[in-house]
*Asks:* 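What follows is a single structure, and I will ask about it in a moment.
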Amino acid sequence: MASADAVPASGGGGVRTASTGAGARGGATPAPRTDAPRSPDAAAPRGPRPGPPAGAPVRAVPRWVWALPPVGVLALFFLYPLALVVQQSLSPDEGGTSVEPYAEVFASEAFREALSTTVWLAVGATLGCLVLGFVLALVIAFVPFPGGRAVAKFIDVFLSFPSFLITLALLFVYGTVGMANGVWTDVTGAAEGPFHFLTTPWGVLLAEITYFTPFVMRPLLAAFSQLDTAQLEVASSLGARPARIVRQVILPEALPALAAGGSLVLVMCLNEFGIVLFTGAKGVTTLPMLVYSEAILASDYPAACVVAVVNIAISVGLYSLYRVVSRRVGA
């Protein structure tokens, strides 16, 4: 006969019965084993999968993938048209591929004259812009006068003007029927005025200096704004004259800006087309004007492309030289 021992409960007034023997073997349901193996589905955690452990390397997109969009745009809108120009320069009218167009263009007197005119106009305009721009920047930066800040701001606005606008203004002043000739004829009673230089190379040179001088002044004004005025005061207190201060204190600090502005003006003068066209200087033929005349007037596209390739090569060479000079002078 099974026996049941009554054991007092630890927490209350009831009793806890411990069943043994036949009663436990009879109708009691055994508790499930907690150490029984579970299925893989049951063992899998619920919810989102955990991410990579902290510090694990993440695969980055290769850098060349990010370079594809800008390179594609550059190739479509610049390199492809440039390749067409080079291809056309190697395609004579007889067909095929040959350097004959280059030989014909280089042997022509018109090309040699246009090249020399382009070079001396660009060099002359650059020197004039450097001298005039340096003097004007000195006055604006170091000579106090009413409206100095307004003039400095106007330099920034002037940079946005198109080149033909400056040429048109010079025509109103120095043209055949311009203001200067009008005043001369009114005063002297002459049939015409003496100012006819605007249609000569000197008129083109004046127009280019007038238009490109602010491109030299802008970097110079930025350089002068960073110049320590204590150096100028010390030099002046030691008895140095203004010319010596400019030569020994200001000019060395301005050399990087002069190199940058002068190189930029030189490249832009080599490629200038609007000023020469609007001055009406028929005897002045530069390389851009020669491209225009060969392509539009003479319909000689291989020759026009040859001149264009030469012009591009000169511009790229000068730009490379500008980069080298800028690194060495610290611009």
*Asks:* Taking salt bridge (charged side-chain N to carboxylate O under 4.0 Å, His left out) as the cut-off, I'd like each qualifying pair that reaches into residues 183-210, sequence neighbours left out, listed once.
*Replies:*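 Listed by first then second residue: nothing to list.
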*Asks:* Pairs of donor and acceptor atoms involving the side chains of residues 271-279, under 3.5 Å and at least two apart or interchain, shall be tabulated with distances.
*Replies:*
unit_1	atom_1	unit_2	atom_2	d
Asn271	OD1	Ser315	OG	3.1
Asn271	ND2	Val267	O	3.0
Asn271	ND2	Ser315	OG	3.2
Glu272	OE2	Ser163	OG	3.1
Glu272	OE2	Gly274	N	3.1
Glu272	OE2	Ile275	N	3.0
Thr279	OG1	Ile275	O	3.1
Thr279	OG1	Val276	O	3.0

*Asks:* The criterion is side-chain hydrogen bond (donor to acceptor under 3.5 Å, both in side chains); which residues satisfy it with Arg112, sequence neighbours excluded?
*Replies:*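 With sequence neighbours excluded, Arg112 shows a side-chain hydrogen bond (donor to acceptor under 3.5 Å, both in side chains) to Glu109, given in chain and number order.
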*Asks:* A quick test of your reading: do over 12 heavy atoms of other residues, nucleotides or ligands sit less than 6.0 Å from CZ of Phe197?
*Replies:*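 Check passes, neighbour count above 12.
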*Asks:* Looking at Pro201 and Trp120, what are the two nearest heavy atoms and their distance?
*Replies:*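 Nearest heavy atoms, Pro201 then Trp120: CB-CZ2, 3.6 Å.
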*Asks:* Should the pair Tyr102 and Phe106 be assigned to parallel (<30°), tilted (30 to 60°) or perpendicular (>60°) ring geometry?
*Replies:*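 Tyr102 vs Phe106 ring planes: perpendicular.
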*Asks:* More than 12 heavy atoms of other residues, nucleotides or ligands under 6.0 Å from CH2 of Trp202: is that the case?
*Replies:*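 For Trp202, atom CH2 is not crowded (no more than 12 foreign heavy atoms under 6.0 Å).
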*Asks:* In a table with atom names and distances, give each donor-acceptor pair under 3.5 Å that connects a side chain of residues 62-78 to protein atoms at least two apart or in another chain.
*Replies:*
none

*Asks:* Which label fits Phe158 and Tyr211: parallel for a plane angle under 30°, tilted from 30 to 60°, or perpendicular past 60°?
*Replies:*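 If you compare the ring of Phe158 with that of Tyr211, the planes turn out tilted.
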*Asks:* Hey, what's the ring geometry for Phe212 with Phe215, parallel, tilted or perpendicular (30° and 60° as the breaks)?
*Replies:*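 Rings of Phe212 and Phe215: tilted, as their planes differ by 30° to 60°.
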*Asks:* If you look only at distance, which donor and acceptor atoms sit under 3.5 Å apart when one is on a side chain in residues 141-148 and the other is two or more places apart or in another chain?
*Replies:*
none

*Asks:* For Gly193 and Thr185, which heavy atoms make the closest approach, and how far apart are they?
*Replies:*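 Residues Gly193 and Thr185, closest heavy atoms: N-CG2, 3.7 Å.
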*Asks:* Can you find a heavy atom in the side chain of Leu205 that is under 4.5 Å from one in the side chain of Thr200?
*Replies:*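 The answer is no, as the side chains (C-beta and beyond) never meet within the 4.5 Å cut-off.
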*Asks:* side-chain hydrogen bond (donor to acceptor under 3.5 Å, both in side chains) with Tyr174: which residues, sequence neighbours excluded?
*Replies:*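 Partners of Tyr174 by the side-chain hydrogen bond (donor to acceptor under 3.5 Å, both in side chains) criterion come out as none, since no residue qualifies.
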*Asks:* Can you tell if the side chain of Leu82 reaches within under 4.5 Å of the side chain of Ile312, non-hydrogen atoms only?
*Replies:*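 Leu82 vs Ile312: side chains touch.
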*Asks:* Does Phe195 reach the side chain of Thr176, with side-chain heavy atoms less than 4.5 Å apart?
*Replies:*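 Side chain of Phe195 against side chain of Thr176, heavy atoms only: no contact under 4.5 Å found.
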